Amino acid sequence: MTTPARAEIARLPEYSLPDLDLPGCETIVQLAQNELAISPSPQAVRAAGAALGAMHRYPEAEAELRRAIADVHGLDPAQLLIGAGSLELMGLLANAYCERGTDVVVSQYGYKFFQVLCTAAGASLNVVPESDMRIDIDAIAAAVGDDTRLVFVVNPGNPTGACLAPGAVRELRARIPQRVMLVLDCAYAEFAEHENDFETGFDLVDSGANLVVLRTFSKAYGLAGMRVGWAYAPADVVATLQKIRPPTSTASPSLAAAEAAIRDRDYLQKVCQEIAELRGAFIDLARSLGLEVMPSATNFVLFECPASLPLSAAVLDARLRENGVILRPMGSYDLPNHLRISIGSRDEMARAGEVLTRLLT
Ligand SMILES: Cc1ncc(COP(=O)(O)O)c(C=O)c1O
């Protein structure tokens, strides 16, 4: 017998990632994890390679990365915290601010793993329904109670792809008490910033609001495997999280890659442009095939198989897999008739489009 885990953790179901294994399939087009299919900036690749020479040392480049982020976004480097992906930062927030007897308000289609982290830390979850897959600010404000510690919102949303209107973050912040921390997970912000008038929330942090903005290098910068994310937060929140953050959790090549990637603004522009084009083409195709598609400000698209189609989402997913195309079923978000497709490379999208067309016509 081994030592029992804390009750909150023992009760948790296993967190499941998509099944990426397709035995017997020669060519697999994996569009299930919202990664960037285009390779990252060549400058990032070079910087990571150069940093390997110092692999016998603990990483030292965090201050440089903070400076680069601060330069690019016009932020105070002292209010930046780097993490091994934004997931590490979410874990720190849950550990630092949740405990038994507290609750966390999350929007219905918020990022599921944050809910796991808060539950593990002892908090109970108050999941607020979205209306038409859009974050409902009135409902979130109404859900905040005396025991609420955190409100967690994803913008642009995953899996919806929907973006809050400019001004909505400010409104949400104003509608909840200042003692309650608003956590804004903006993992897909760079795609939205490319096209829309995107509200970053940085100015609210600067003006002293109780707000933590999470960003990542895993999506538009194409560094998912390098595990680098960052938070922009009030100085006391940064100081709190620093106390429990393992001091060397991000690897040197990852820090070097992230710094080079964020400084390569032209490359980011090109990537976002390419994704927007491929996404637009996919949406047109999906609609022409009778699928109901959510608009998206991101590198993924959520669509529904309406009853008028010959295949349900589950059957379509299975048939796509038989043809080597892996999408993300949405049953875990209570959307059993939806699938989510990450926007892959031009070739991958052509292959996915071809198979989808064959199955639906
Ligand atoms: C909304 C959202 N937040 C956070 C993450 C995780 O980001 P990271 O790779 O920085 O840990 C993901 C990854 O898919 C995501 O979709």
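Counting starts at 1 for both ligands and their atoms, in listed order. Everything numeric here is computed off the predicted structure, so don't read it as measured data.
- A 6.0 Å sphere centred on CD of Glu322 holds more than 12 heavy atoms belonging to other residues, nucleotides or ligands.
- Closest to atom 2 (C) of ligand 1 among all protein heavy atoms lies Asp185 OD2, 3.3 Å.
- Heavy-atom contacts of Thr216 reach the following atoms of ligand 1: 8 (P), 9 (O), 10 (O) (cutoff under 4.0 Å).
- The line from CG of Leu339 to CG of Asp317 is 5.5 Å long, rounded to the nearest 0.5 Å.
- Close approach of ligand 1 to Val154 (heavy-atom distance below 4.0 Å) involves ligand atoms 1 (C).
- Distances below 4.0 Å separate heavy atoms of Met90 from the following atoms of ligand 1: 3 (N), 4 (C).
- Figure legend: Arg340 and Phe300 shown as a cation-pi pair, the cationic atom lying under 6.0 angstrom from the six-membered ring centre and within 45 degrees of its axis.
- Under the 4.0 angstrom criterion for non-hydrogen atoms, Tyr188 is in contact with ligand 1.
- For the pair Asn158 and ligand 1, the shortest N or O to N or O distance falls below 3.5 Å.
- A donor-acceptor contact closer than 3.5 angstrom is absent between the side chains of Glu130 and Thr160.
- Close approach of ligand 1 to Lys219 is summarised as follows: ligand atoms under 4.0 Å from at least one heavy atom of the residue are 12 (C), 13 (C), 14 (O).
- The ligand atoms of ligand 1 that sit less than 4.0 angstrom from a heavy atom of Ser218 are 8 (P), 9 (O), 10 (O).
- Closest to atom 11 (O) of ligand 1 among all protein heavy atoms lies Arg227 NH2, 2.8 Å.
- Tyr221 and Asp264 share no side-chain donor-acceptor pair at under 3.5 Å.
- The structure places CG of Leu20 at 4.5 Å from CD of Gln30, a figure rounded to the nearest 0.5 Å.
- Looking at Ala224, Ser86, Ser342, it is Ser86 that brings a heavy atom closest to atom 7 (O) of ligand 1.
- For atom 15 (C) of ligand 1, the nearest non-hydrogen atom of the protein is Tyr111 CE1, 3.5 Å.
- Counting only heavy atoms from C-beta outward, the side chains of Pro306 and Leu309 approach each other to under 4.5 Å.
- There is no side-chain donor-acceptor pair under 3.5 Å between Arg328 and Asn34.
- Distances between N or O atoms of Leu87 and those of ligand 1 include at least one value under 3.5 Å.
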